[in-house]
Each structure stands twice: as structure tokens, then as C-alpha cells.
Chemist: 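A single structure is presented below for examination.
Per chain, numbering begins at 1; letters A, B, ... match sequence-line order. None of these values were measured; they are calculated from a predicted model.
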Number of protein chains: 2
Amino acid sequence: MRMVRAGLTADRVTLAGAELADEVGLDHVTMSAVARRLGVKDASLYAHVRSLEDLRGRIALLAADEKTIRIAEATAGRAGKDALVAYANAWRQYAHDHPGRYTATQIPIQIDPELAARAAGPRRAVELTYSMLRGYALEEPDLTDAVRLMRSTLHGFTSLEAAGGFAHARPAEDTWVRCLDALHTLLEHWPTHDEGDPA
Amino acid sequence: MRMVRAGLTADRVTLAGAELADEVGLDHVTMSAVARRLGVKDASLYAHVRSLEDLRGRIALLAADEKTIRIAEATAGRAGKDALVAYANAWRQYAHDHPGRYTATQIPIQIDPELAARAAGPRRAVELTYSMLRGYALEEPDLTDAVRLMRSTLHGFTSLEAAGGFAHARPAEDTWVRCLDALHTLLEHWPTHDEGDPA
DNA sequence: AGGAAAAATCTAGGGCTCCTAGGAATCTCT
DNA sequence: AGAGATTCCTAGGAGCCCTAGATTTTTCCT
């Protein structure tokens with residue numbers, strides 16, 4: 001029987017999984033489904049990917065890399081609020097464009113360490129965020145706190161939005177720009193010490 | 001053969017699923033596993049629950065109810081920053097105590113409408129948040145935006161924390177209290193109009 | 001109390017999934 | 001051209017979701 005090789009590779013399998021995740025949701029990404037999409041039997045995938053768990057981890061890493069690259073491109077050459085808005089929009093846009101990949105990002109990290117080490121994505125992402133915030137006059141540990149607040153808010157918003165958490169009364173888009181305004185003013189007037197009245 | 005009924009009910013099945021979710025993670029909650037935990041064959045569950053999808057939805061609703069109740073108890077009789085902190089801590093604590101249930105909360109809503117209607121949780125939660133923010137002088141649509149920002153930040157933080165998203169350098173707890181301070185001052189000085197310098 | 005009706009649980013089984021083991025086809029390299 | 005490595009396959013076991021129909025238990029009516 002004539003056999004044509006599919007030319008599989010770990011990266012191609014991962015990409016197929018990522019595309020599938022965007023189309024049908026991450027938890028409908030199965031070995032069988034990926035194999036079908038690649039015109040291959042499911043057993044063939046195990047030469048390139050250790051398990052379904054492993055595949056999900058690779059998709060998560062791919063997504064982290066892609067998202068970081070998008071943010072880097074968006075914020076290049078910008079500073080201050082301009083950079084903040086570009087950063088946030090790139091983040092949200094990626095989640096919109098690649099919902100399956102994005103949810104892969106959220107899974108508890110249990111990735112093959114060797115694989116994770118090769119991927120510069122996460123480290124790079126942290127650096128990006130820090131340098132983006134350099135425009136605001138923040139010292140450690142306030143800087144770390146601000147970074148974490150940023151990530152929390154952006155992730156929380158896009159995550160809730162994707163899950164349909166915002167009723168349709170007011171467009172999410174409008175809330176989004178107001179939230180960015182709020183984050184900006186907050187970063188400018190970061191409460192360095194406890195300055196609040198305890199009432 | 002002597003047969004003793006297990007006394008199953010939709011609620012008992014849901015509870016077993018919720019407990020299992022907290023122990024082994026939501027996506028290890030299977031019909032078979034729940035059945036084993038209840039000392040029953042998996043087929044028996046289908047008299048009470050339509051499908052695995054349905055079970056997950058019920059777990060999500062249960063979690064939403066429980067979380068809302070906790071927040072209501074925590075914020076009762078408090079106002080201003082006091083209420084804010086109580087609200088946020090109750091939220092985070094619930095996520096810590098019931099990680100599986102909490103992640104069930106995040107699943108895109110595709111619940112049996114009839115079931116969702118019976119559960120007052122979500123509606124109540126929204127009301128709670130609004131009334132908690134009544135201490136800050138916010139008018140619509142700023143109020144809606146503030147509510148959404150709150151939820152985004154709280155959800156994002158707890159979600160990232162659960163996923164191990166915060167490196168161990170600085171304790172997440174410290175960042176948390178700083179974030180609450182920040183949210184408080186932000187709500188007090190909400191940028192009603194665009195007051196930012198566009199640089 | 002006796003018996004019918006309703007409800008709860010079981011057995012049996014089909015189809016899909018993950019994953020392993022070992023065999024056949026294809027590519028690479030000398 | 002042939003050896004060795006690589007790619008992909010077939011075969012199959014185990015677990016999961018879910019349905020259908022039988023069997024047992026409870027309820028409830030007279």
C-alpha cells in the first residue's frame with residue numbers, strides 16, 4: 001500500500017491542536033481530533049508528543065509566546081499611558097483572536113521542565129511588563145505589586161468577557177477603556193504608603 | 001440480592017461532584033468517579049443528572065451560590081473600605097477553600113435555563129456588589145464599570161494565584177493587601193471624565 | 001394489608017477516547 | 001543498493017459517557 005508521510009513534527013502537532021482549540025474549545029482538543037485534522041491515526045501522534053497532557057502544555061507555551069510577541073510589537077516605541085493602552089489592547093485582542101489558545105494559558109503549570117526552559121515566553125513577558133511600567137515612578141516592591149495588579153485585571157477582564165460574564169446592558173468595550181483610564185491614574189498615584197482613611 | 005438504595009438526588013450528586021472537584025480538580029470529575037464515590041454504578045446517576053455537562057453546570061451554580069453567601073455574610077453591616085476588604089477576602093478565601101468549585105465558576109455559561117432561573121446566586125451576587133460599592137459616590141455608568149473592574153481584578157488575582165502565576169519572590173498575600181488599597185483609592189477618585197494627560 | 005404505580009438502581013452494551021506494543025513502510029546516508 | 005533510523009500503521013486493552021431495558025424497592029391507594 002502506497003504511503004505518503006504526513007511530515008509530522010511536535011510543532012506541527014501543537015499548531016494543529018492550537019487551531020482546534022480556537023475552533024472548538026480547549027477541552028474538545030483530543031488526540032483523536034488532532035489526528036483526524038492531520039489525516040493521521042491517533043497512535044501516530046505519540047511519536048512527537050508524550051500525552052494529551054503534554055500537548056496541552058505545548059499549546060499553552062505556544063500561546064504564551066505568541067501573546068508576548070504581540071504585546072512586544074504593540075508596545076515597541078511607546079511609553080506612558082500610550083504603552084499601557086497598547087499593552088492591554090494587545091493582550092485582549094489576542095484573547096479574542098485565539099480563545100482556545102488563551103484558555104490554555106490559564107491551566108496550572110505542570111509542563112515538562114526541559115520544555116519550559118526552552119521557551120523564553122514567560123520570562124520575556126515579565127520583563128516586558130516591567131519595562132512598560134517604567135514610565136511610572138514605582139520602586140520595588142510597589143513595582144511587583146503593580147505588575148501583578150495589571151496582570152490580574154487584564155486576565156480577569158478578558159477571562160470574564162470570554163465566559164460571557166458581562167451582561168449586555170453596557171458594551172464591554174466602553175467599560176474596557178474606562179478601566180484602562182482607571183489603571184493609568186492608579187499607577188500615577190500609586191498609594192506608596194497606607195494613605196487611606198480607615199472608614 | 002438485597003439492595004439498599006443510596007438515596008441519591010440531584011443535589012447529592014452535585015455535592016459529591018463538587019467535593020471531588022476540590023480534591024482532584026474539576027476536569028477529573030467524571031461520571032464514573034462520582035459514582036464510585038457514592039458507591040453506585042455510573043448509569044445510576046443519569047436518573048438525577050442529564051449528563052456530565054449538566055453536572056458541571058450544577059457544580060458551577062452551587063459554587064456561585066456558596067460564594068455569594070460567604071460574601072454576603074462577610075460584608076453584612078460593613079461599609080466603605082471595610083466592606084470592600086471583607087468582600088474581596090471572602091472571594092479569595094472561597095477560591096482557596098474550594099479550588100475545584102471555583103474553577104467551575106469560570107466555565108462558559110451554557111446551563112439549563114430552567115435550572116439557572118431557579119438559582120438566585122448570580123443575580124444576588126450582582127446586587128451585593130452594587131450595594132457594596134454604594135459607599136463610593138459613583139453614578140451610572142461609572143458604577144457598572146467599577147463593578148466590572150472589581151470583579152475582573154478579584155477573579156484575575158485569585159485565578160492567577162491558583163494557577164501558580166505569581167513567582168515566590170514576594171508573598172502573594174502582601175501584594176493582595178496592596179491591591180485592595182489601590183482599588184479603594186481608585187474607587188474614591190474614580191476618573192469620572194477623561195482627566196488623564198495623553199502622554 | 002394487598003397490590004398497582006412510580007421511582008431508584010442495576011446489567012448489558014455500543015461507541016469513543018487515551019495510550020502501548022510491535023510491525024510495515026519510508027527516508028537517509030554511505 | 002543496502003543498513004539503520006524514522007515515520008506511520010494495525011491491533012488491542014482499559015476507561016469513560018450514555019442508552020435501553022430489566023429488576024428491585026418504595027409509595028400510595030383502596
Side-chain angles (χ1 to χ4, degrees), chain A residues 1-60 100 103-104 107-108 110-112 114-115, chain B residues 1-60 100 103-104 107-108 110-112 114-115:
Chain A
M1 175 182 176
R2 190 82 191 89
M3 246 170 145
V4 179
R5 281 203 188 167
L8 292 190
T9 196
D11 286 345
R12 276 182 53 78
V13 173
T14 303
L15 184 59
E19 291 169 355
L20 203 57
D22 288 336
E23 293 168 13
V24 301
L26 180 64
D27 42 30
H28 291 90
V29 173
T30 77
M31 284 292 175
S32 328
V34 173
R36 273 193 296 273
R37 161 178 282 254
L38 291 168
V40 151
K41 298 297 173 188
D42 58 349
S44 306
L45 300 180
Y46 289 85
H48 309 279
V49 155
R50 218 188 301 279
S51 69
L52 177 60
E53 202 73 6
D54 182 37
L55 175 58
R56 286 166 118 96
R58 288 170 187 268
I59 294 175
T103 65
I107 66 181
Q110 52 201 354
I111 303 176
D112 183 357
E114 147 202 21
L115 188 65
Chain B
M1 175 181 175
R2 189 80 189 93
M3 244 171 146
V4 179
R5 282 204 188 169
L8 292 190
T9 196
D11 285 346
R12 276 182 52 78
V13 173
T14 304
L15 184 59
E19 291 170 356
L20 204 56
D22 288 336
E23 293 168 13
V24 302
L26 181 64
D27 41 31
H28 290 90
V29 173
T30 76
M31 285 292 176
S32 326
V34 172
R36 272 193 298 272
R37 161 178 281 255
L38 290 169
V40 152
K41 298 298 173 187
D42 58 349
S44 307
L45 300 180
Y46 289 86
H48 310 278
V49 156
R50 216 188 302 280
S51 68
L52 177 60
E53 202 72 7
D54 182 36
L55 174 58
R56 287 165 116 97
R58 286 169 189 269
I59 294 174
T103 66
I107 66 180
Q110 51 199 357
I111 303 175
D112 182 356
E114 147 202 21
L115 188 65

Chemist: Which distance, rounded to the nearest 0.5 Å, do you find between the CG of A:Leu20 and the CD1 of A:Ile59?
Modeler: 8.0 Å
Chemist: For C:dA8, take OP1 and OP2 only and decide whether either is under 4.0 Å from a side-chain N or O of B:Ser44.
Modeler: no
Chemist: Nearest 0.5 angstrom please: A:Asp27 CG to B:Arg56 CZ, how far?
Modeler: 6.5 Å
Chemist: How close or far is atom C1' of D:dC17 from atom CG of A:Asp27, stated in whole angstroms?
Modeler: 15 Å
Chemist: Say you draw a straight line from CG of A:Asp54 to OG1 of A:Thr14; how long is it, rounded to the nearest 0.5 Å?
Modeler: 8.0 Å
Chemist: If I compare all heavy atoms of B:Val34 with all of B:Ala16, which pair ends up nearest, and what's the gap?
Modeler: CG1-CB, 4.1 Å
Chemist: Measure from NZ on B:Lys41 to P on D:dC18 and round the result to the nearest Å.
Modeler: 18 Å
Chemist: Would you work out how much the helix from C:dA1-D:dT30 to C:dT30-D:dA1 bends between its ends, with each end axis defined by five base pairs, to 10 degrees?
Modeler: 10°
Chemist: Distance from A:Leu52 atom CG to A:Leu45 atom CG, nearest 0.5 Å?
Modeler: 10.5 Å
Chemist: Establish, with yes or no, whether the OP1 or OP2 oxygen of D:dT6 is under 4.0 angstrom from a side-chain nitrogen or oxygen of A:His48.
Modeler: no
Chemist: Send over the distance from B:Arg12 CZ to C:dA8 P, rounded to a whole Å.
Modeler: 13 Å
Chemist: Nearest 0.5 Å, please: how far is CD in A:Glu53 from CZ in A:Arg58?
Modeler: 13.0 Å
Chemist: If only atom types and distance count, is the side chain of B:Thr30 paired as donor or acceptor with the main-chain N or O of B:Ala33 below 3.5 Å?
Modeler: yes
Chemist: Could you encode protein contacts along nucleotides 16-21 of chain C as a string, one character per nucleotide from 5' to 3', using B for base contact, S for sugar-phosphate-only contact and - for no contact, with a heavy-atom cut-off of under 4.0 Å?
Modeler: -SBBB-
Chemist: Which listed nucleotide (D:dC9, C:dT9, D:dC8) is nearest to the side chain of A:Leu8?
Modeler: D:dC8
Chemist: To the nearest 0.5 Å, tell me how far A:Arg37 CZ sits from A:Ser32 OG.
Modeler: 14.0 Å
